[in-house]
Amino acid sequence: MRSLWLQVAAVTAINLKSIGQRRWLSLSTVIAIALVVIVLLAFLAMANGFQRTIAGSGADDIAIVLRAGSQAEINSTVSRDQVRLIEDGPGIARGSDGKPLISPELYLVVDGIKRSTKTKANLPLRGIGEQGTTLRKDIAITAGRMFNRGSNEVVVGKALLREFEGFDVGSTVSFGASRWNVVGVFEAGGSVFESEIWADLNVVQSLFNRNNVVQTVRARLTGPAALNELKSYSDNEPRLKLDVKSEAAYFAEQASQTSDLIQKLGWPLAIAMALGAVAGALNTMYSSVAARATEIATLRAIGFGGFPAFVGTLAESLLLAVIGGLLGAAATYLIFDGVTASTLGGNFTQVVFDFKLSPWLIAEGVALALIVGLIGGLFPAVRAARLPIVEGLYAR
């Protein structure tokens with residue numbers, strides 16, 4: 001047994017040392033595998049960044065109330081009378097003044113211009129109640145000030161300002177027939193709220209003729225367990241019959257829909273490219289076996305078995321795959337990690353997010369590279385193990 005493994009080590013070393021003799025074929029294989037990994041990891045980093053932005057926006061002790069059956073805020077409607085009923089609901093936390101900590105909100109779509117492409121895109125304008133900012137974590141004004149109640153003033157998320165033009169502090173923007181002054185920029189801990197425009201609820205309702213309705217109600221609960229109380233209250237109150245979810249659950253659903261779509265686009269493309277990389281790896285490894293046919297036959301003639309030739313050839317293929325995988329992962333990190341982009345979210349408005357490459361995603365990319373190397377090296381390795389001695393000795 002020891003002699004077998006010594007043979008394996010010797011043949012593997014010979015194979016790896018001979019890679020330089022086929023440098024161009026080997027390099028083409030490495031590059032092909034690297035491109036496969038780049039494509040896959042770019043899509044996965046996009047999905048991961050989007051999911052982190054959306055899913056990290058919610059809290060377990062914040063309830064979001066929508067019309068029954070609504071999958072997104074933009075499709076929901078809650079009447080003024082229903083808002084009053086929610087205020088009196090069980091499990092709603094109250095401030096020091098005894099008032100319920102809720103924020104009726106109106107969510108509208110307005111136009112914006114992307115800085116990069118100069119094209120129009122849907123942006124979210126959110127009219128928030130007095131408690132709107134206190135019901136969200138990590139809200140801070142980073143430039144300018146908060147809008148004044150009752151005025152045509154807006155504040156914009158810093159991610160939206162980075163991706164779209166015309167929203168600098170002091171500028172004036174038009175939404176439909178109304179004009180608004182941008183008075184501040186806010187951050188929200190990297191959450192989806194940084195992709196929004198905020199204004200006073202009453203002003204938005206008045207200027208967009210939505211005086212008697214909102215689309216969602218956010219409410220701080222006395223604790224996460226109080227969510228079931230509020231759900232039961234809504235289900236048993238004939239005038240409500242609304243969907244009540246934790247904010248964390250709502251955003252988790254929103255994140256999964258879009259991130260799943262991104263991955264469904266990325267994996268088929270990466271697999272299609274992987275098939276091409278497999279063909280390249282097969283060509284490289286068959287050429288390797290053909291170039292070393294005399295060496296393999298000589299080793300077989302002096303007592304080496306077919307197994308060492310099999311392992312040596314497969315090891316060469318896997319080494320090229322690992323190099324290609326690591327090269328692709330490094331290129332993806334340098335090119336895409338932290339890049340800001342925007343895409344349509346569940347409310348049909350733009351969500352700004354950063355590509356985020358994680359160690360687990362890099363592991364997936366390298367694993368795909370190893371699969372390509374395994375398939376691309378398997379058949380040439382079998383060929384090397386079964387190469388007839390006479391045919392190998394007279395190959396040249």
Side-chain angles (χ1 to χ4, degrees), residues 46 49-50 52-54 56-57 72-74 103 105-130 132-208 210 215-216 218 251 254 258 338-355:
M46 181 191 300
F50 182 87
R52 282 176 176 236
T53 298
I54 301 292
S57 302
E73 293 180 79
I74 199 167
S103 173
E105 298 181 356
L106 196 61
Y107 190 97
L108 303 173
V109 177
V110 296
D111 288 335
I113 304 295
K114 283 192 173 185
R115 291 184 185 274
S116 57
T117 61
K118 307 300 180 183
T119 55
K120 281 188 177 182
N122 292 339
L123 301 180
L125 170 64
R126 184 185 294 276
I128 60 175
E130 293 183 9
T133 56
T134 59
L135 294 182
R136 293 170 169 85
K137 56 188 178 181
D138 302 325
I139 302 297
I141 298 294
T142 59
R145 59 174 174 82
M146 192 63 182
F147 60 78
N148 290 321
R149 293 283 166 187
S151 63
N152 288 33
E153 295 179 345
V154 297
V155 293
V156 300
K158 71 173 188 179
L160 183 143
L161 176 64
R162 187 170 65 242
E163 190 72 5
F164 297 89
E165 62 182 36
F167 292 98
D168 298 296
V169 175
S171 60
T172 301
V173 292
S174 298
F175 301 142
S178 58
R179 293 174 65 81
W180 302 75
N181 297 320
V182 180
V183 297
V185 178
F186 68 90
E187 64 180 7
S191 68
V192 67
F193 299 122
E194 291 185 1
S195 300
E196 296 182 348
I197 306 164
W198 288 356
D200 178 48
L201 172 64
N202 293 329
V203 177
V204 175
Q205 285 180 313
S206 175
L207 293 178
F208 287 88
R210 307 285 182 90
Q215 283 165 297
T216 59
R218 273 179 170 74
F251 280 119
Q254 295 288 307
T258 303
V339 170
T340 299
S342 64
T343 189
L344 283 178
N347 284 303
F348 305 104
T349 55
Q350 294 289 311
V351 175
V352 181
F353 63 96
D354 293 337
F355 282 63

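Predicted model, so just to flag it, every value in this text is computed and none were measured.
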- Message: Any carboxylate oxygen within less than 4.0 angstrom of a Lys/Arg side-chain nitrogen, looking at Glu196 and Arg136?
- Response: no
Would you call [X] and [Y] a side-chain contact if the rule is heavy atoms closer than 4.5 Å?
X: Asn148; Y: Ser151; result: yes
X: Phe251; Y: Val192; result: yes
X: Phe353; Y: Ser342; result: no

Write down the atom of [X], the atom of [Y], and the distance for their closest heavy-atom approach.
X: Ile139; Y: Thr133; answer: CG1-O, 3.8 Å
X: Gly127; Y: Val204; answer: CA-CG2, 4.0 Å
X: Val169; Y: Val183; answer: CG1-O, 3.9 Å
X: Gly166; Y: Ser171; answer: O-OG, 3.2 Å
X: Ile74; Y: Gln215; answer: O-NE2, 3.2 Å

- Step-by-step side-chain contact (heavy atoms from CB on, under 4.5 Å) determination, Leu125 to Tyr107: CA-CA 6 Å; Leu125 170 64; Tyr107 190 97; over 6 Å; no
Rounded to the nearest 0.5 Å, what's the gap from [atom1] on [X] to [atom2] on [Y]? Could you check?
X: Glu130; Y: Asn202; atom1: CD; atom2: CG; result: 8.0 Å
X: Phe147; Y: Asn152; atom1: CZ; atom2: CG; result: 12.0 Å
X: Phe355; Y: Arg52; atom1: CZ; atom2: CZ; result: 14.5 Å
X: Leu123; Y: Phe167; atom1: CG; atom2: CZ; result: 5.0 Å
X: Leu201; Y: Arg149; atom1: CG; atom2: CZ; result: 7.5 Å

- Item | side-chain contact (heavy atoms from CB on, under 4.5 Å) between Gln205 and Leu106, intermediate numbers included | CA-CA 7 Å; Gln205 285 180 313; Leu106 196 61; 4.0 Å; yes
- Task: Examine Trp198 together with Phe186 and report whether their ring centres are nearer than 6.0 Å.
- Result: yes
Distance-only, no hydrogens or angles: does the [X] side chain make a donor-acceptor pair with backbone N or O of [Y] under 3.5 Å?
X: Ser191; Y: Ala188; answer: yes
X: Ser178; Y: Leu207; answer: no
X: Ser103; Y: Arg218; answer: no
X: Thr53; Y: Gly49; answer: yes
X: Asn181; Y: Glu153; answer: no
X: Glu105; Y: Ile128; answer: no
X: Thr117; Y: Lys114; answer: no

- Between Phe208 and Trp180, how do the two ring planes meet: parallel, tilted or perpendicular, split at 30° and 60°? parallel
- Message: For residues 170-182, which residue pairs pass the salt bridge (charged side-chain N to carboxylate O under 4.0 Å, His left out) check, not counting sequence neighbours?
- Response: none
Kindly list each side-chain donor-acceptor pair under 3.5 angstrom involving residues 158-165, sequence neighbours excluded, with atom names and distances?
unit_1	atom_1	unit_2	atom_2	d
Lys158	NZ	Glu187	OE1	3.3
Arg162	NE	Thr340	OG1	3.4
Glu165	OE1	Lys118	NZ	2.7

